[in-house]
Number of protein chains: 2
Amino acid sequence: MRRSDAAAEPKFRRAPPDARREELIAATLACLSRLGHEGVSVRRISAEAGVSMGLITHHFLGIDALVAAAYESLAERLLAQSRGPALAVAGDPLEALHAYFSASFAPRALDPAIFRTWLVFWSLVPHSPELRTVRERVDRETRATLEALLSRLKRMPGVRPFKVGAARIGLSALMDGLWVELSLNPSSFEPAQAIALCDDWVHGLATGAFPALLALRRAPLHRRRRRR
Amino acid sequence: MRRSDAAAEPKFRRAPPDARREELIAATLACLSRLGHEGVSVRRISAEAGVSMGLITHHFLGIDALVAAAYESLAERLLAQSRGPALAVAGDPLEALHAYFSASFAPRALDPAIFRTWLVFWSLVPHSPELRTVRERVDRETRATLEALLSRLKRMPGVRPFKVGAARIGLSALMDGLWVELSLNPSSFEPAQAIALCDDWVHGLATGAFPALLALRRAPLHRRRRRR
DNA sequence: GTGCTTATTATGCGGTCGCATAATAGCATG
DNA sequence: CATGCTATTATGCGACCGCATAATAAGCAC
């Protein structure tokens, strides 16, 4: 094989660490979305990335750190996809929220593969400190985004005052629940209905239909009474 | 060891199939709640039950059928725990719904082990026809329960008419979302707040705060128009 | 008791897993 | 063109996996 000596192509390419890390993250997401929890495997992920197993332990502290990085990557992407359209609406807070809902229930957000991936993350949260850390940061961003939108709504004239924090809990729960059901059983209802239910919820919030969420004027401390 | 000949205890006991099946289901639930998806293992489950691996394939068509049976067992138990208190309230539909919420967010329903188990079921749904079948039946029962409660509410004087089916979708999504968040992060809010949010949602529904859920009087067929 | 049914166990096989360790080679630097 | 750093591969090891198959024995009918 004398001829190949000169044109011998390298047996592997040496990539800058950051690029390699991105490749591994992409491969991880591909495995998780295709195989679910069975995709969490050093062998599978490295094969998907077209590299050898050792690279994972070399570029990450371990498989858990890699999965956590993948979680962060996907979560940031999804958040950006929902937040972008919402923040693009400058005026009416109701429309901004509607844009957020529409983007959150767009087809690409309802891809079953994403749900499969998410289940893996959820099931790893209790056992993986790295994943829990990432999740806390991602959660904080998501909360901040939703609370910002709700705060805009609250400042709108004619809107009954409400507790932003508590409202965010309810709204994100409603959205998550709708997303889960739609992911598990796409035929159970239309995405448009999910959006309408979220819009309705916001409407109820704005019109003061939720007694427990109303921001009541607090009495001065010395006048507070505790029911017994 | 002549002595032991007479008192030789049996090497195993022969159980009636139904009882053995229950034991295996219990062992399965124990493994799933303790180990999550790693608990789905013929070896682990049979060890947990104190029997040999072969028994699983003997009493069930396979591991998938066993897991499906475990899903059904747990789901029925949880449903009964929530439905019982709700149906025990004969009078006020609002109180019946409140009882349903209270039971659904009681400590035993928020056990992290249950969530871990549930994640396994969810992630198996796409791949296991048996599990999907069971899930459809369980879902139908849950839907029926909630819709019955909502129908009672709808018949209450003074309550604005609404679409029961659509309302059920929203309410169960809200409940599921709250349950997921609480299971993932028990310290993010109090169970009592989850109950209050559900009560609020029902209050909004009853007072007609949800435009898209209002049961509008339908125009006669020949007068229907489709917007373009 | 005796025998039959079948619930139950024991064992082996091929495969994949994570991990550790040693060898290799790309590539920048001089 | 030589050299060193380190990204990368290759390989072996022990453990666990699901599955299949043959052997065993519990307990009921007679």
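So you know, we letter chains A, B, ... as the sequences are listed, proteins then strands, and number each from 1. This structure is a prediction, so every number in the text was calculated from the model and none was measured.
One finds no side-chain N or O of A/T57 lying less than 4.0 angstrom from the OP1 or OP2 phosphate oxygen of C/dA20. Considering only side-chain N and O atoms, A/R13 lies nowhere under 4.0 angstrom from the phosphate OP1 or OP2 of C/dC27. Close to C/dT9, at under 4.0 Å from its OP1 or OP2, lies no side-chain N or O of B/H58. Phosphate contact (OP1/OP2 of D/dT8, side-chain N/O of A/R20, threshold under 4.0 Å): present. Considering only side-chain N and O atoms, A/S52 lies nowhere under 4.0 angstrom from the phosphate OP1 or OP2 of D/dA10.
Distance A/H59 NE2 to D/dA7 P: 6 Å, rounded to the nearest Å. If you take CG of A/L55 and C1' of C/dC19, they are 15 Å apart, rounded to a whole angstrom. With rounding to whole Å, A/L61 atom CG is found 17 Å from C/dG18 atom P. Distance A/H37 NE2 to D/dC17 C1': 13 Å, rounded to the nearest Å. Following rounding to the nearest Å, A/L35 (CG) and C/dT16 (P) show an atom-to-atom distance of 13 Å. In this entry the distance linking CZ of B/R44 with P of D/dC19 reads 16 Å, nearest Å. Rounded to an integer number of Å, the gap from CZ of B/F60 to C1' of C/dA7 is 14 Å. Rounded to a whole Å, the CZ atom of B/R43 is 13 Å from the P atom of C/dT11.
Within the 4.5 Å cutoff, the side chain of B/E130 has no heavy atoms near those of the B/Y71 side chain. No side-chain heavy atom of B/L182 sits less than 4.5 Å from a side-chain heavy atom of B/F115. Put simply, the side chain of B/R14 does not reach to within 4.5 Å of the side chain of B/R20, judged on heavy atoms.
A donor-acceptor contact under 3.5 Å links the side chain of B/R14 to the base of C/dT6.
Between B/A15 and B/M53, the residue anchored closer to the 5' end of DNA chain D is B/M53, taking for each the nucleotide with the nearest heavy atom.
Between B/W201 and B/F210, the ring planes are tilted. Angles from 30° to 60° get that label.
Across B/K154, B/R168, B/R152, a single residue satisfies side-chain hydrogen bond (donor to acceptor under 3.5 Å, both in side chains) together with B/E147, and that is B/R168.
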